[in-house]
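Notes follow the structure.
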Amino acid sequence: MIIFVSIIVVVLLISLFRVLLKQSTMPTGFLGVFMMLLWNRVYLPLVKWATSRIKLNDNFTILDIGVGNGASSVYLFQQRNSLSITGIDISEDAIIQAKKNHPNKNIHFESMDIHALTCAPETFDLVTAFQTHFHWHDLDQALNEIHRVLKQHGIVVFACEKAKINYFLPKLKKSADFQAYLTTLGFLLTDEHETNQWIMYTFQKNDTEQNIIQRHFIL
């Protein structure tokens with residue numbers, strides 16, 4: 001009997017983990033709305049911590065990826081009121097919540113897949129991804145899309161829990177490995193900060209002739 005109950009508990013926990021993982025990737029329905037509110041409490045401090053370590057200019061155009069209900073985009077806008085921000089999420093339900101909760105003519109929320117951005121080339125000065133890049137099913141393709149829409153020498157910020165990288169991207173948990181990986185995609189790692197819980201990487205679009213050749217070969 002004890003063994004049977006233990007098996008049931010394990011199965012339930014696995015099922016719950018899968019549901020929460022799916023909601024983390026694409027929040028939907030009532031549970032998605034609840035999860036996004038919870039994430040605001042848990043992860044907005046991460047957004048604030050990372051944002052305090054980058055320089056925002058008044059004329060920046062920003063792409064904020066995986067915004068959920070839009071809290072990260074709003075916080076970025078509050079730091080410089082004349083910023084133009086596009087906040088995207090693959091979940092249409094999330095974008096509905098973002099538009100409902102944060103109407104602002106300078107913040108544009110759109111449902112969009114990071115692997116197939118509809119933005120024009122060289123549009124953004126800064127691309128941010130808070131607690132999300134480890135969920136992308138094709139990181140190479142996503143970074144190629146970011147590279148395409150980023151202005152030359154534009155900046156990218158990835159910030160998340162270190163545990164998420166250790167679990168989802170174990171081959172990139174060392175900074176040297178991540179730096180080498182970025183180089184093949186036309187980026188240069190310029191800064192890194194971490195706490196016991198969080199880590200953020202800042203990297204820059206930096207196409208050299210060798211990188212262009214490498215990227216063309218990979219593509």
Side-chain angles (χ1 to χ4, degrees), residues 17 20-27 31-57 60-81 83 85-91 93-95 97-98 101-102 104 107 109 112 114 124-137 139 142-143 146 150 154-170 172-175 177-179 181-182 187 189-204:
F17 174 78
L20 294 178
L21 181 60
K22 184 177 180 180
Q23 287 293 332
S24 295
T25 305
M26 184 183 291
L31 180 57
V33 172
F34 174 77
M35 291 292 292
M36 285 185 287
L37 292 174
L38 180 62
W39 296 334
N40 287 351
R41 295 180 63 87
V42 176
Y43 298 128
L44 197 55
L46 167 67
V47 174
K48 295 178 179 180
W49 171 76
T51 302
S52 70
R53 283 157 178 79
I54 58 177
K55 181 179 179 181
L56 297 175
N57 293 330
F60 263 12
T61 54
I62 298 176
L63 175 64
D64 190 20
I65 303 168
V67 299
N69 61 10
S72 59
S73 300
V74 171
Y75 182 78
L76 285 167
F77 178 76
Q78 290 171 344
Q79 309 315 298
R80 283 286 191 277
N81 286 336
L83 292 174
I85 300 175
T86 299
I88 67 170
D89 201 288
I90 195 171
S91 167
D93 287 357
I95 294 302
Q97 289 296 313
N101 295 336
H102 309 292
N104 188 309
I107 306 177
F109 292 113
M112 200 180 302
I114 179 57
F124 301 102
D125 300 286
L126 173 67
V127 174
T128 57
F130 302 109
Q131 194 70 4
T132 186
H133 77 279
F134 49 82
H135 282 312
W136 302 342
H137 66 79
L139 187 57
L143 281 167
I146 289 173
L150 194 64
I155 300 297
V156 184
V157 173
F158 283 179
C160 66
E161 292 173 296
K162 290 193 288 187
K164 292 299 192 297
I165 294 181
N166 293 340
Y167 182 81
F168 291 102
L169 298 171
L172 298 179
K173 64 182 180 180
K174 294 182 180 179
S175 297
D177 293 334
F178 190 53
Q179 183 171 11
Y181 170 70
L182 288 174
F187 293 104
L189 184 65
T190 58
D191 205 1
E192 175 186 352
H193 297 279
E194 62 180 291
T195 68
N196 291 334
Q197 181 181 5
W198 299 331
I199 189 165
M200 69 171 287
Y201 293 109
T202 303
F203 48 101
Q204 186 174 35

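Since the model is a prediction, treat every value here as computed from it, not as a measurement.
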Should [X] and [Y] count as side-chain neighbours, where that means a heavy-atom distance under 4.5 Å?
X	Y	answer
L56	I54	yes
I199	I165	yes
I114	I90	no
F109	S73	yes
I88	V67	no
V156	T202	no
L83	N57	no
N104	V74	no

Before you tell me yes or no, could you show the steps for T86 and F124 under side-chain contact (heavy atoms from CB on, under 4.5 Å), namely the whole-Å CA-CA distance, both residues' side-chain angles and the distance that decides it to 0.1 Å? CA-CA 9 Å; T86 299; F124 301 102; 3.9 Å; yes
Please name the residue in the list K173, E194, Q197 that meets the side-chain contact (heavy atoms from CB on, under 4.5 Å) test with K162.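 Exactly one candidate clears the test, E194.
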Let me know which of D64, N69, I95 forms a side-chain contact (heavy atoms from CB on, under 4.5 Å) with D89.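 Exactly one pass, corresponding to I95.
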Any idea which heavy atoms bring [X] and [Y] closest together, and the distance?
X	Y	value
C160	H133	SG-CE1, 3.8 Å
F60	K55	CE2-O, 3.5 Å
L150	L126	CD1-N, 4.2 Å
F187	I146	CZ-CG2, 4.3 Å
G68	A98	O-CB, 4.1 Å

Matching residue for F158 among Y181, F130, Y201, W136 - test: ring-ring contact (aromatic ring centres under 6.0 Å, His included):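 Output: one option passes, namely W136.
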What's the spacing between I62 CD1 and I107 CD1 if we round to 0.5 Å?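 Result: 9.5 Å between the selected atoms.
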Roughly how far apart are E192 CD and Q179 CD, rounded to 0.5 Å?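 With rounding to 0.5 Å, CD (E192) is 9.0 Å from CD (Q179).
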D125 side-chain N/O to G154 backbone N/O, donor-acceptor pair under 3.5 Å: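 Side chain of D125 to backbone of G154: no pair is present.
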Quick check against the 3.5 Å criterion: does Q79 have a side-chain atom that pairs as donor or acceptor with the backbone of Y75?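 Yes; at least one donor-acceptor contact below 3.5 Å.
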Evaluate the criterion side-chain hydrogen bond (donor to acceptor under 3.5 Å, both in side chains) for residue pair T190 and Q204; output intermediate values, then yes/no. CA-CA 7 Å; T190 58; Q204 186 174 35; 5.7 Å; no
What side-chain donor-acceptor pairs closer than 3.5 Å can you find for residues 45-52, not counting sequence neighbours?
residue, atom, partner, partner atom, Å
T51, OG1, V47, O, 2.7
S52, OG, W49, O, 2.7

Listed partners of D191 passing side-chain hydrogen bond (donor to acceptor under 3.5 Å, both in side chains), at least two apart: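 Here the qualifying residues are H193.
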Results of ring-ring contact (aromatic ring centres under 6.0 Å, His included) for F134 - residues two or more places apart only: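 In terms of ring-ring contact (aromatic ring centres under 6.0 Å, His included), with neighbours along the sequence ignored, F134 is linked to F168.
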If you apply the rule side-chain contact (heavy atoms from CB on, under 4.5 Å), what do you find for M200 with V157, and how did you get there? CA-CA 7 Å; M200 69 171 287; V157 173; 3.9 Å; yes
